[in-house]
Every structure is written in C-alpha cells, then in structure tokens.
Amino acid sequence: MTLPVILHVDLDAFFAAVEQRDRPELRGRPVIVGGGGPTDRGVVSTASYEARVFGVRSAMPLRTAAALCPNAVFVPVDGAKYLAVSSEVMTILRRFTPRVEPVSIDEAFMDVTGSQALFGDGESIGRQIRSAIADELALTASVGVATTKLVAKVASDLRKPDALVVVPPGDEAAFLAPLPITRLWGVGARMADDLRELGVMTIGELASLDATLLERRFGKNGAALAARARGLDADPVADRAPAKSIGHEHTFDIDTSDPEVIERTLLAMAEGVAGRLRATGVKAATVTVKIRDSAFRTVTRQRTLPDPTDLTEPIWRAALELARPEVRGLRVRLLGVTASNLGQRDQLSLFSGDGIGTGREERGRRLVEAEDEIRRRFGERAVTRARLLGTGLPAPFERDPMTAAEHRRPRASEEH
Ligand code: TTP
Ligand code: MG
C-alpha cells in the first residue's frame with residue numbers, strides 16, 4: 001500500500017508580503033496591515049516578519065501594535081487584491097494535482113500521492129511549488145510534507161518563514177514529541193491549561209498519557225487528542241466537488257454557414273473541453289452539441305461515446321457527426337460543445353510513468369500530457385493544431401475553469 005503524501009502550503013505574512021512586493025519602499029521595513037492606521041480601533045490583520053520581532057501579532061489592537069513598534073508602516077487591508085493573489089496561488093498548486101483543499105486565503109492542503117510519477121516525490125513537489133510561487137508571484141511560501149494533514153500543517157509552520165520541512169513516514173510521533181501541546185489542532189488555551197495541570201507540556205508527554213485518562217478528562221475530544229499526539233490523523237484532503245459537465249460555447253461575430261468554419265470551431269472547442277477534462281482528472285461518456293441559428297432557434301443533440309474519453313479526437317468526431325445534419329442550410333449564430341456523464345479517471349493511468357500501457361491509447365495520452373505540460377509552462381498558444389492556425393479562432397478555447405460555464409454538484413455536506 002502506498003502511504004499518502006500530503007503537503008500543507010502557507011504563504012508567509014501574506015497580506016504584508018503582498019504589500020511589500022507591490023510597494024518596494026516597504027521592503028525590509030516593519031509593515032502592519034489592518035484597519036485605518038495606528039490610532040484606529042481595529043486590530044492587526046497581519047504584520048511583516050520585521051514587525052513581528054517587536055511582538056506585533058495578528059488580532060492585536062492596532063494601538064497596541066503601534067506602541068510596540070512605533071516605526072512601523074501601517075497599511076489598510078486591500079481584500080480584493082489579496083483574493084486575486086490567492087487565486088493565483090491556488091492555480092499554481094492545481095498544476096500538481098486536482099486534489100487541493102484551500103483552508104484559508106493563503107493556505108491549502110494537497111494530496112500529491114498520485115502526482116509523484118509525474119513531478120517527483122513530496123519533497124521535490126514542495127520545492128517546485130515554492131520556486132513557482134517565488135518566480136511567478138514574488139512571494140514566499142512555507143511547505144510541510146508528511147503522511148497526514150495534521151503533521152504537514154505542523155511542519156509548514158515549524159520554521160516559517162520561507163521554509164520546507166519534510167517529515168518522513170514513520171517519523172511522525174518523534175517529530176511531534178518535543179513540540180509544545182499548543183501546536184496540536186484542537187488544543188485551545190483552556191485545554192492547554194488543563195494539560196499543564198496534569199504536568200503535560202509537550203506533545204510527546206501527551207502521547208505517553210493513557211488514552212482512557214484523557215477520555216475521562218476531556219470526553220470524546222480526549223480520545224481524538226491522544227491519537228493526534230501520535231501523529232495519527234486519517235482526515236482526507238477534501239478537494240472540490242467534481243464538475244458535472246464541462247463545456248464551451250462560441251458566438252460568431254457574423255453568423256456563418258461555412259462548413260469549414262463550423263468544423264474548425266467544433267475542433268477548437270473539443271480541444272478546450274478535452275484539456276479541461278484532463279486537468280480535472282475525469283473522462284466523459286456523453287457529448288452534447290448546441291446549435292443556435294440566426295433566428296435564435298436552438299437545438300441540442302447528444303450522444304453517448306463507446307468509451308469514456310478525455311481526448312480531443314473522439315469528442316470532436318462525435319460533435320461533428322451530431323452537428324453536420326443540423327447545420328445544413330442554417331446561418332449559425334452560436335455553437336457549443338459539452339462533455340458530461342463524467343467519471344474519475346483511473347489514477348494509475350493518469351500519473352503512471354512506469355511504462356505499463358504501451359498501447360496506442362496510452363502513447364496518445366503521453367503525447368497530449370506532454371502538450372498539456374508545455375501549455376502549462378509556456379501558455380495556451382504554444383501548442384496549437386495546424387488546422388487551427390491562422391483561423392483567428394481562440395486556439396484552443398479558454399480553459400480557465402473560473403470563466404467557463406460549468407455546473408457543479410453541491411458539496412457532499414450539502415447533499416442531504
Ligand atoms: P496566516 O497564514 O495565519 O498569517 P500570515 O500569512 O500573515 O503569516 P504566517 O503564515 O507567515 O504566520 O493568515 C493569512 C492572512 O490572513 C494574513 O496575512 C492576514 C489574514 N489574517 C487576518 O486578517 N486576521 C487574523 O487574525 C489572521 C490570523 C490572519
Ligand atoms: Mg500565512
């Protein structure tokens with residue numbers, strides 16, 4: 001059985017680091033982000049590490065912070081900017097796996113167990129993520145690598161800022177043992193006081209306590225605490241609910257009846273849909289085309305594929321066959337291609353680099369995955385089918401899941 005490889009990624013002094021990046025005069029200086037300034041009644045959102053030296057912390061009244069660090073530069077919170085940067089960070093993380101669970105604006109868990117054949121082991125992926133965030137966003141992130149979310153989170157926090165900490169499998173309990181109990185999830189100030197009364201200062205001392213004693217003292221939490229102190233935590237990385245369908249639509253600037261234009265447009269859309277299926281790690285069993293004519297009459301035609309796919313060709317072929325009889329004699333205003341009936345793609349075929357599948361389908365897949373990688377690194381237009389060159393069509397279609405129409409299932413917790 002392969003052990004899980006979990007990463008916890010957390011940006012350093014996030015709001016302050018973004019401000020220092022965008023305003024070079026703030027670099028190297030104590031920066032306090034929050035409210036309206038040193039006399040404001042609000043609290044500190046965050047402080048740069050230069051300000052933390054003076055004892056300034058998140059959630060502290062701004063006036064207290066000003067007293068501790070009179071030379072600090074106070075900067076108001078620019079939420080929209082931080083959200084935009086946050087989504088750039090999450091996009092970088094999703095290059096390595098679709099299994100990304102954002103937990104706050106600057107923090108996410110990732111399950112990279114299945115990504116290792118493609119990107120290297122957890123440590124190497126952690127290094128690549130840190131370089132990508134530094135090179136592309138000019139920010140630093142701390143990363144923890146471990147077999148559980150709990151240990152990965154403690155690890156990312158341990159040597160902040162700008163650090164990578166790896167806890168090898170089997171070392172979890174020893175890694176946690178010397179750390180103070182407050183580092184554990186679920187140990188608040190009250191519980192920490194109670195534990196100190198029992199003479200427990202470190203996680204190791206907590207782990208050596210009898211689980212039934214903890215249970216008697218703290219109830220259900222006590223049993224969970226005993227397990228966590230040993231680094232045991234089976235909480236899976238909860239990635240987003242999978243999309244129900246992935247599709248693209250295109251409205252022509254001028255209504256067209258040119259079969260060549262229609263075919264190329266369907267190809268561009270099939271290409272975009274297939275790319276997003278692969279990026280999401282799913283295959284589609286159903287293809288739907290939508291055709292709207294100059295009189296705004298709309299038809300949709302649907303077909304089930306013999307085999308679920310995430311490749312351009314079968315999607316394009318199905319779309320062509322569905323569209324051809326419908327567009328005859330029409331002036332087409334809008335075309336759409338949607339893939340639905342999605343199923344998780346087999347993880348093994350997705351990330352295996354071990355030379356099993358040498359069949360045609362498998363070789364085709366290696367090629368498109370290489371193309372996907374080139375697009376990831378050099379941009380969407382770096383790999384374009386000859387047929388799409390010089391057509392003026394977007395090639396391939398926009399793949400950003402945030403801008404494309406798609407329908408999501410409610411999260412599991414919303415289903416009942
Ligand atoms: P954190 O990741 O907790 O803090 P940080 O990124 O500033 O510093 P580091 O991770 O290096 O310790 O929170 C992320 C952002 O969330 C932070 O930059 C500002 C915001 N935030 C608040 O607005 N109020 C708070 O009380 C906390 C803790 C964070
Ligand atoms: Mg942070």
Show me the donor-acceptor pairs, under 3.5 Å and distance only, between side chains in residues 150-162 and residues at least two apart or in other chains.
residue: K153; atom: NZ; partner: E107; partner atom: OE2; Å: 2.7
residue: S156; atom: OG; partner: H8; partner atom: ND1; Å: 2.7
residue: S156; atom: OG; partner: K153; partner atom: O; Å: 3.1
residue: D157; atom: OD2; partner: R183; partner atom: NH1; Å: 3.3
residue: K160; atom: NZ; partner: D10; partner atom: O; Å: 3.2
residue: K160; atom: NZ; partner: L11; partner atom: O; Å: 3.1
residue: K160; atom: NZ; partner: D12; partner atom: OD1; Å: 2.7
residue: D162; atom: OD1; partner: R130; partner atom: NH1; Å: 2.9
residue: D162; atom: OD1; partner: R130; partner atom: NH2; Å: 3.4

Do [X] and [Y] have side-chain heavy atoms sitting under 4.5 Å apart?
X: K290; Y: T298; answer: yes
X: V112; Y: R99; answer: no
X: L277; Y: I315; answer: yes
X: L83; Y: I105; answer: yes
X: L335; Y: V289; answer: no
X: L206; Y: L184; answer: yes
X: Y82; Y: D106; answer: no
X: R52; Y: T46; answer: yes

Tell me, with the steps shown, if L195 and L225 meet side chain to side chain contact (heavy atoms under 4.5 Å, CB included).
-> CA-CA 11 Å; L195 286 168; L225 193 63; 4.3 Å; yes
What side-chain donor-acceptor pairs closer than 3.5 Å can you find for residues 164-182, not counting sequence neighbours?
residue: E172; atom: OE1; partner: G170; partner atom: N; Å: 2.9
residue: E172; atom: OE2; partner: T147; partner atom: OG1; Å: 2.6
residue: E172; atom: OE2; partner: G170; partner atom: N; Å: 3.4

Decide yes or no on salt bridge (charged side-chain N to carboxylate O under 4.0 Å, His left out) for R190 and D193, but give the supporting numbers first.
-> CA-CA 5 Å; R190 277 266 305 279; D193 284 345; over 6 Å; no
Can you list, pair by pair, the side-chain donor-acceptor contacts under 3.5 Å of residues 25-35, counting residues two or more places apart and other chains?
residue: E25; atom: OE2; partner: R23; partner atom: NE; Å: 3.3
residue: R27; atom: NE; partner: Q20; partner atom: O; Å: 2.9
residue: R27; atom: NH2; partner: R21; partner atom: O; Å: 2.7

Which pair of non-hydrogen atoms, one from [X] and one from [Y], has the smallest distance, and what is that distance?
X: F119; Y: F96; value: CE1-O, 3.7 Å
X: M110; Y: V237; value: C-CG2, 4.0 Å
X: T304; Y: T286; value: OG1-OG1, 4.0 Å
X: A319; Y: L266; value: O-CD1, 4.1 Å
X: F252; Y: V332; value: CD1-O, 3.6 Å
X: P4; Y: T113; value: CA-OG1, 3.5 Å

What is the distance from atom [atom1] of [X] to atom [atom2] of [Y], rounded to the nearest 0.5 Å?
X: N341; Y: K244; atom1: CG; atom2: NZ; answer: 11.5 Å
X: D255; Y: R333; atom1: CG; atom2: CZ; answer: 6.0 Å
X: I291; Y: E326; atom1: CD1; atom2: CD; answer: 5.5 Å
X: S45; Y: M60; atom1: OG; atom2: CE; answer: 13.0 Å
X: R94; Y: I92; atom1: CZ; atom2: CD1; answer: 12.0 Å
X: E215; Y: K220; atom1: CD; atom2: NZ; answer: 10.5 Å

Please identify each residue that fulfils side chain to side chain donor-acceptor pair (under 3.5 Å) with S86, with sequence neighbours left out.
-> none
With K149, which residues qualify under salt bridge (charged side-chain N to carboxylate O under 4.0 Å, His left out), at least two apart?
->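 Testing K149 for salt bridge (charged side-chain N to carboxylate O under 4.0 Å, His left out), a comparison that skips the adjacent residues, returns E101, D235.
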Worked verdict on L7 versus V5 for side chain to side chain contact (heavy atoms under 4.5 Å, CB included) | CA-CA 7 Å; L7 267 56; V5 181; 4.3 Å; yes
Between D210 and T212, do the side chains contain an N or O donor and an N or O acceptor separated by less than 3.5 Å?
->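 Short answer, yes.
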Exercise: do D307 and T309 side chains pair donor with acceptor under 3.5 Å | no
Under the ring-ring contact (aromatic ring centres under 6.0 Å, His included) test, residues paired with Y49 that sit two or more places apart = none
Salt bridge or not for R317 and E321, using N-O below 4.0 Å?
-> no
Check the pair E136 / E88 against side chain to side chain contact (heavy atoms under 4.5 Å, CB included), numbers first and verdict last.
-> CA-CA 9 Å; E136 297 170 38; E88 291 177 316; over 6 Å; no
Apply side chain to side chain contact (heavy atoms under 4.5 Å, CB included) to the pair T97 and D111, showing each step before the final yes or no.
-> CA-CA 7 Å; T97 175; D111 185 334; 5.7 Å; no
Side chain of R230, backbone of A226: donor and acceptor closer than 3.5 Å?
-> yes
